[in-house]
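Residue numbers begin at 1 in each chain, while the letters A, B, ... track the order of the sequences. All figures in this text were calculated on a predicted structure; none of them were measured in a lab.
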2 protein chains.
Amino acid sequence: MFKRSIRVMIADDHHLFRNGLHDLLDQIRNIQVIGEADNGQELVRRTMETSPDIILTDIHMPLMDGIAATREIARRKPDTGIIVLTAFNKEEPILRMLDAGALGYVLKSADNEEIAEAIQTVSQRKPYFCREVTEKLTEIVSKNYQLPPDADLCFSEREKEIIRLICREFTSKEIAYSLNLSKRTVEGHRTRIMDKVGAKSIAGIITYAFRSGICYRK
Amino acid sequence: MFKRSIRVMIADDHHLFRNGLHDLLDQIRNIQVIGEADNGQELVRRTMETSPDIILTDIHMPLMDGIAATREIARRKPDTGIIVLTAFNKEEPILRMLDAGALGYVLKSADNEEIAEAIQTVSQRKPYFCREVTEKLTEIVSKNYQLPPDADLCFSEREKEIIRLICREFTSKEIAYSLNLSKRTVEGHRTRIMDKVGAKSIAGIITYAFRSGICYRK
DNA sequence: CACCCCCCAGGTATAAATACCTAATACAAA
DNA sequence: TTTGTATTAGGTATTTATACCTGGGGGGTG
């Protein structure tokens, strides 16, 4: 089966690094480097013009950083696979880039094979993270994610349903309407929930819901 | 370069599934299946005896589930690469298995190549997650991890103070008393806060507070 | 069967929150 | 100086929430 080559754009503010990466990618058969940019604005502009399949971008760049550029490109050309290629394995940039819409995250210390693998993977719309970043990611997850506490199990499905609706700013009347119940029934559930979690008002229900994982941050 | 074959152990309570997987793995050159287990206890015991390089295990199994078995094996034989092979792409089992020490997570719907790839990857001590799970993982991260919010800056200290008190279940009257203000003043702040965050009620204020990081989970 | 728990729903009453107003003070920036 | 914003505070009215009470129906279990 014939595979058309993957068209790649490089963005980094260091000329030498771009050169090295360009040479490296030129050696890979089905990859074609179609452009370079030394800042985020140029990256966005050239991406709009040339529609690369894959972008390899640094984070720290003048005029517009890689995060803002990624966000912009993810919005305007959502089919573009964006891979972050940066030196540091820090929590915040990883999360910001993920949030901005990057599909891959590879450290600059990566070897040639890994970069090639990242490009191949992301070009199929699959996420790719290098080992270090995956480790970081799992670390972040285990650090920030609280497993549903046993208390969770104390709630019936109905109760959890109502808790989530409460968190979404629905009043008892609205919840009753949407669940085809009486307003009094919803109020009854609400009271039971408050008793269970020891809350004095919906405020307590909501804080409990967030802290316990019944509701999520996003 | 000569590569010694990867010694794999299979754990699943379904005989047919073990068979199918066994046959599949037998077709891969450098993989050698050295044993099977149909429950977690047996998995741990046989792992202690035979020290496989890689374990492919289901989660739901009698006597001891895959999570407990993984935890045990990660503690007693930390060099073992454990890959979860399960049917469902749910948040909780993923996190539990990661926490327990699994390095890979592949859905049973995966094709042969993907399972082979997972084994190869994990045998190099690199984590491997199938696409769906990676997506879930990033979803979990972006859902639970809060970026330092810019919105935070939009609130005056007074407003943030009041937001935190609201989250702690204080009523306007109580807040007014504790801050030596009029109840009406607190209500005024509350209204301004609701306007700013686009909330319809305190529920909206609290969810905003959690999501933006003005209030914390733990 | 009796018992318990969940879900449902109603009454009555008070407290709290919200939606509209208005307006004075203070302090910093344009 | 003027402008803006934060903070303070009040009035009036309606809607919601909460605290008490009551009861029925269904499903599972000892």
Side-chain angles (χ1 to χ4, degrees), chain A residues 148-216, chain B residues 60 62 92 148-215:
Chain A
D150 334 324
D152 188 6
L153 304 173
C154 295
F155 294 110
S156 66
E157 282 309 312
R158 200 47 142 185
E159 285 170 341
K160 283 189 274 187
E161 189 174 18
I162 287 174
I163 290 172
R164 293 194 191 96
L165 291 170
I166 289 172
C167 290
R168 287 169 57 194
E169 292 187 78
F170 289 108
T171 65
S172 292
K173 198 202 285 180
E174 290 165 341
I175 294 171
Y177 181 78
S178 75
L179 298 182
N180 270 102
L181 296 173
S182 154
K183 178 190 159 195
R184 300 316 319 285
T185 302
V186 176
E187 285 173 345
H189 283 302
R190 190 193 279 246
T191 302
R192 275 188 58 74
I193 292 165
M194 287 197 290
D195 287 345
K196 279 188 184 178
V197 306
K200 291 186 299 183
S201 66
I202 48 164
I205 295 178
I206 297 168
T207 55
Y208 182 92
F210 274 90
R211 290 195 228 265
S212 72
I214 294 174
C215 276
Y216 302 107
Chain B
H60 295 287
E92 190 179 326
D150 8 305
D152 190 5
L153 303 174
C154 296
F155 295 107
S156 66
E157 282 310 310
R158 199 48 142 185
E159 284 171 339
K160 283 189 275 187
E161 190 173 17
I162 288 173
I163 290 172
R164 291 193 193 96
L165 290 170
I166 289 172
C167 290
R168 287 169 56 195
E169 293 187 78
F170 288 108
T171 65
S172 291
K173 198 201 285 182
E174 291 165 340
I175 293 171
Y177 181 78
S178 74
L179 298 182
N180 271 101
L181 295 173
S182 154
K183 178 190 160 194
R184 299 318 318 287
T185 302
V186 176
E187 285 174 345
H189 284 302
R190 191 192 278 246
T191 302
R192 274 187 59 74
I193 291 164
M194 287 196 292
D195 287 345
K196 278 188 183 178
V197 305
K200 289 188 298 184
S201 65
I202 47 163
I205 295 178
I206 297 169
T207 56
Y208 184 92
F210 273 90
R211 291 194 229 263
S212 71
I214 294 174
C215 279

From [options], nucleotide with atom closest to [X] side chain:
| X | options | answer |
| --- | --- | --- |
| B:T171 | C:dC7, C:dA9, C:dA16 | C:dA16 |
| B:I202 | C:dT18, C:dG10, C:dC7 | C:dT18 |
| B:L181 | D:dT8, C:dC7, D:dT18 | D:dT8 |
| B:K173 | C:dT18, C:dA16, D:dT18 | C:dA16 |
| A:S182 | C:dG10, D:dA17, D:dT7 | C:dG10 |
| A:R184 | C:dA9, D:dA17, C:dC8 | C:dA9 |

Round to the nearest Å and state the distance from [X] atom [atom1] to [N] atom [atom2].
| X | N | atom1 | atom2 | answer |
| --- | --- | --- | --- | --- |
| B:M194 | D:dT15 | CE | C1' | 13 Å |
| B:I175 | D:dT7 | CD1 | C1' | 15 Å |
| A:R190 | D:dT18 | CZ | C1' | 9 Å |
| B:I205 | C:dA16 | CD1 | P | 17 Å |
| B:Y177 | D:dT8 | OH | P | 17 Å |
| B:R192 | D:dT5 | CZ | P | 9 Å |
| A:E187 | D:dC20 | CD | P | 15 Å |
| A:E169 | D:dA17 | CD | P | 12 Å |

* **Residues B:E187 and B:R190 bridged, charged N to O under 4.0 Å** => no
* Asked: Using a cut-off of 4.0 Å on non-hydrogen atoms, how would the nucleic acid contact of B:S172 be classed: base, sugar-phosphate, or nothing?
  ->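 Sugar-phosphate only.
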* To do: May I ask you to say what B:R158 touches in the nucleic acid, namely base, sugar-phosphate or nothing, with a heavy-atom cut-off under 4.0 Å?
  =>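 Sugar-phosphate contact only.
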* N/O (side chain, B:H189) to phosphate O (OP1/OP2, D:dA6) under 4.0 Å ->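 For D:dA6, neither OP1 nor OP2 has a side-chain N or O of B:H189 closer than 4.0 Å.
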Non-hydrogen atoms of [X] and [Y] that approach each other most closely:
| X | Y | result |
| --- | --- | --- |
| A:I202 | A:M194 | N-SD, 4.4 Å |
| A:E159 | A:I193 | O-CD1, 3.7 Å |
| B:I205 | B:A199 | N-CB, 3.8 Å |

* To do: Between A:K196 and A:T185, name the one whose nearest nucleotide on DNA chain C is closer to the 5' end.
  =>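 Going by which nucleotide is closer to the 5' end, it is A:K196.
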* Backbone of A:A203 reached by a side-chain donor or acceptor of B:E169 within 3.5 Å ->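 Such a contact is absent between B:E169 side chain and A:A203 backbone.
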* Considering heavy-atom distances to DNA chain D, does B:I162 or A:S201 have its closest nucleotide positioned more toward the 5' end? -> B:I162
